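In what follows, a structure is listed as structure tokens, so that the remarks can point back to it.
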Amino acid sequence: MSQTSPPEDPDDRTAENAKHPDPAREAIAGHQDPETSVEALPQPEGCTEIIKTSYSVGQDNIERAHPVAFDIHNPVFMISASVVVLFTAVTLLFPAQLGPLFDGLLGLVTSRFDWFFLLAGNIFVLVAIGLILSPLGSIRLGGPDATPDFNLTGWFAMLFAAGMGIGLMFYGVSEPLGHFTAAMDGPVLENGVRTDWAPLNGAAGDELASRRLAMAATIFHWGLHPWAIYAVVALALALFSYSKGLPLTLRSVFYPLFGERIWGWPGHVIDVLAVMATLFGLATSLGIGAEQASAGFNFLFGWEASATSKVILIIAITVVAIGSVVLGVEKGVKRLSELNMGLALLLLLFVIAFGPTWQIITGFFGNLGSYVENIVPLSNPFGRTDDNFRHGWTTFYWAWWISWSPFVGMFIARVSRGRTVRQFLVAVLLVPSIISVLWMTTFGGTAISATLGGFSGIADAALELQLFQMLSQLPLTGIASFVGIVLVIVFFVTSSDSGSLVIDTVASGGKVHSPLPQRVFWCSFEGLVAIALLLGGGLTSLQAMAVSTGLPFTIVLLGACWAIITGLINERKALSRDNQIPAS
């Protein structure tokens, strides 16, 4: 046990925060120690057990100031960058040959490991709920005397920001409507095997039951399970960095398992997996965003939605993202993020006001009830017959969320210092989940109502076009559709910029303020990987790489669950020895 330095004066922290008017972005970026160029994490406050280690951030890095500045961790950066460059080159050179390979890879992973992904997802939820209910939930992240860096309103707003993304724009209409249509048709058998995409056993011919089942299945994919995945990563990072004094990297989480070896090859493997999972998860989102933005331009202006146009769009938006990186926080992403949040709220309120308002309001509560009713059968990994739904939807989603978890988890960790574990988990599980339920109920419910009203244009359209077909049934179609396109593009830019920062943090050994060319490198290759995957098989290839990189990283997250429980138990014992045990 070692006594940490006295907590800083709250007034000093308030003054410091006032210097950084964008708390969400600063929460990711951290603060730089000008003498060491290493992120200066706040010390644990109060008497807490800091893990003593001989490792110092950046000790294994290779640095150079001229002619191109870089500060990279060896060998994490070298391995990750080499794999990305090689993969991009091969995929761009042989797209026709790799298309079937991606298709086969997606089918192989989703059909053989569906049970593993579903079991892991259930474990993450159970761990989160167990910690909420246990005495360990009263432990405070950052030490027993730590106070929250952000007030409750600001904290909730940042969790809301973390919960928004390209996926909600792309699947907000298409997923509920797709599940509804499949559920209405019911099970379809060919040679004794189901070939339909209905969740569970469907609800053939029953409109109300099909609507409820469709929304329950959608909420299942956007509710507690994905946010439990993010919560595991975020809690692990916050605990071992803010309470245990280790660097803010994923390898730190495994110190209880590997000890000092975590700074060697075991840690290198974990960080490389984190880089690859995040990069391909981001590339999947960027590719999906390009598909939808291209479809929107075709819908509004008649521009051809060809592979060439999608590539040009990705290049153009990647250039904007690089410009955002160069401009920095205040002039770049901060303003774009504020624009995005405002437009997202505006579009949501617009659809609620001009869509089936009463049905959306009542449906919100009815859909939550249906979700609670169906969460156990939807979570069951064994003895089911709905293979297409389980493989094509749930398994893909779980792998996608897992690949995104280092990115979102680091963001959530950075804004949650000073909260108790219980406060942290309740908020992270519930706030973004409720927002996702409202979004899906609004957009998906409006699409289902329009379809039941006799409009077949939404169901007949391609997935990327269904949002715009739904908006065509509301007033001010052109304006609303253009707002939707802008939202997708700005989500694209902010995800690429923030993602490149997180990837670069891991690839530079925990340093946040690494040289600008490194972030430009990762930002550029996120776009190039998205282009390569689109040309090498379209949406299937994007899904295949998200699933295949999410598979090994799932093992990492399961290990993180064990590390979290072990770390919290040791923390509680240490606090008990010092008579600082928190109230349960």
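Just so it is clear, the structure is predicted and the values come from calculations on it, not from any experiment.
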Measure from the side-chain N and O atoms of Asp60 to the backbone N and O of Gly509, and report whether any donor-acceptor pair falls under 3.5 Å.
no
Side chains of Phe407 and Tyr230: does their closest heavy-atom pair fall under 4.5 Å?
no
Could you go through the side chain to side chain contact (heavy atoms under 4.5 Å, CB included) check for Val502 and Trp522 one step at a time?
CA-CA 10 Å; Val502 171; Trp522 291 115; over 6 Å; no
Donor-acceptor pair, Thr147 side chain versus Gly418 backbone, under 3.5 Å?
no
Is there a side-chain contact between Tyr242 and Ser416 in this structure, where contact means two heavy atoms from C-beta onward sitting under 4.5 Å apart?
no
Look only at the side chain of Trp439 and the backbone of Leu168, and say whether a donor-acceptor pair between them is shorter than 3.5 Å.
yes
Asn380 side chain near Val376 side chain, heavy-atom distance below 4.5 Å
no
With a 4.5 Å cut-off on side-chain heavy atoms, are Val408 and Trp227 touching?
yes
Here the gap from Leu368 atom CG to Leu438 atom CG, rounded to the nearest 0.5 Å, amounts to 9.5 Å
Nearest atoms (heavy-atom pairs only) where Pro247 meets Ser252
O-OG, 2.7 Å
Sole residue of Trp400, Phe396, Tyr397 in ring-ring contact (aromatic ring centres under 6.0 Å, His included) with His221:
Tyr397
Given side chains that start at C-beta, do those of Phe521 and Phe77 come closer than 4.5 Å, heavy atoms only?
yes
Apply side chain to side chain contact (heavy atoms under 4.5 Å, CB included) to residues His225 and Thr394 and explain how you reach the verdict.
CA-CA 10 Å; His225 281 76; Thr394 305; over 6 Å; no
Which atom names give the shortest non-hydrogen contact between Ser285 and Trp404, and what distance separates them?
OG-NE1, 2.9 Å
Apply ring pair (Phe, Tyr, Trp, His ring centres under 6.0 Å) to residues Phe87 and Phe280 and explain how you reach the verdict.
CA-CA 11 Å; Phe87 173 85; Phe280 283 109; 5.1 Å; yes
The residue among Leu558, Thr278, Ile402 that forms side chain to side chain contact (heavy atoms under 4.5 Å, CB included) with Phe553 is Ile402
Side chain Ser82, main chain Ile79, donor-acceptor under 3.5 Å
no
Report the distance from atom CG of Leu568 to atom OG of Ser138, rounding to the nearest 0.5 Å.
9.5 Å
To check you understand the geometry: which heavy-atom pair defines the closest contact between Leu131 and Ile564, and what is its length?
CD1-CG2, 3.9 Å
dist Ile50:CD1 -> Leu246:CG (nearest 0.5 Å) comes out at 9.5 Å
If we check side chain to side chain contact (heavy atoms under 4.5 Å, CB included) with Ser80, which of these qualifies: Val85, Ile503, Ile72, Val272?
Val272
Rounded to the nearest 0.5 Å, the CG atom of Leu250 sits from the CG atom of Leu273 at a distance of 10.0 Å
Can you name the residues that form a side-chain hydrogen bond (donor to acceptor under 3.5 Å, both in side chains) with Trp401, not counting sequence neighbours?
none
I need the full list of side-chain hydrogen bond (donor to acceptor under 3.5 Å, both in side chains) pairs touching residues 266-276, with sequence neighbours left out, sorted by first then second residue.
Arg251-His268, Arg251-Asp271
Which salt bridge (charged side-chain N to carboxylate O under 4.0 Å, His left out) pairs, counting each pair once, include a residue from residues 79-90, with sequence neighbours left out?
none
Let me confirm one number: the OG1-CZ distance from Thr395 to Arg112, rounded to the nearest 0.5 Å.
13.5 Å
Minimal heavy-atom distance between Val232 and Leu557, with the atoms involved, is CG1-O, 4.0 Å
Looking at Arg417, Gln423, Arg419, which hits side chain to side chain contact (heavy atoms under 4.5 Å, CB included) with Arg140?
Gln423
Go through the steps to decide whether Ser500 and Phe525 satisfy the test side chain to side chain contact (heavy atoms under 4.5 Å, CB included), and finish with yes or no.
CA-CA 9 Å; Ser500 64; Phe525 269 87; over 6 Å; no
Ile132 side, atom CD1; Arg422 side, atom CZ - distance, nearest 0.5 Å
8.5 Å
Quick one: does Asn122's side chain have a donor or acceptor within less than 3.5 Å of a partner on Leu118's backbone?
yes
Quick check: are there more than 12 heavy atoms from other residues, nucleotides or ligands sitting under 6.0 Å from OH of Tyr371?
yes
For His73, is there any backbone N or O sitting under 3.5 Å from a side-chain donor or acceptor partner on Ser508?
no
Non-hydrogen atoms of Ala321 and Val493 that approach each other most closely
CA-CG1, 3.8 Å
The test is side chain to side chain contact (heavy atoms under 4.5 Å, CB included); show your working for Asp114 and Trp398 and say whether it passes.
CA-CA 9 Å; Asp114 59 316; Trp398 273 208; over 6 Å; no
Closest heavy-atom contact between Gly142 and Ala146?
O-CB, 3.4 Å
With the side chain counted from C-beta on, respond yes when Phe116 and Leu551 share a heavy-atom pair under 4.5 Å apart, and no when they do not.
yes
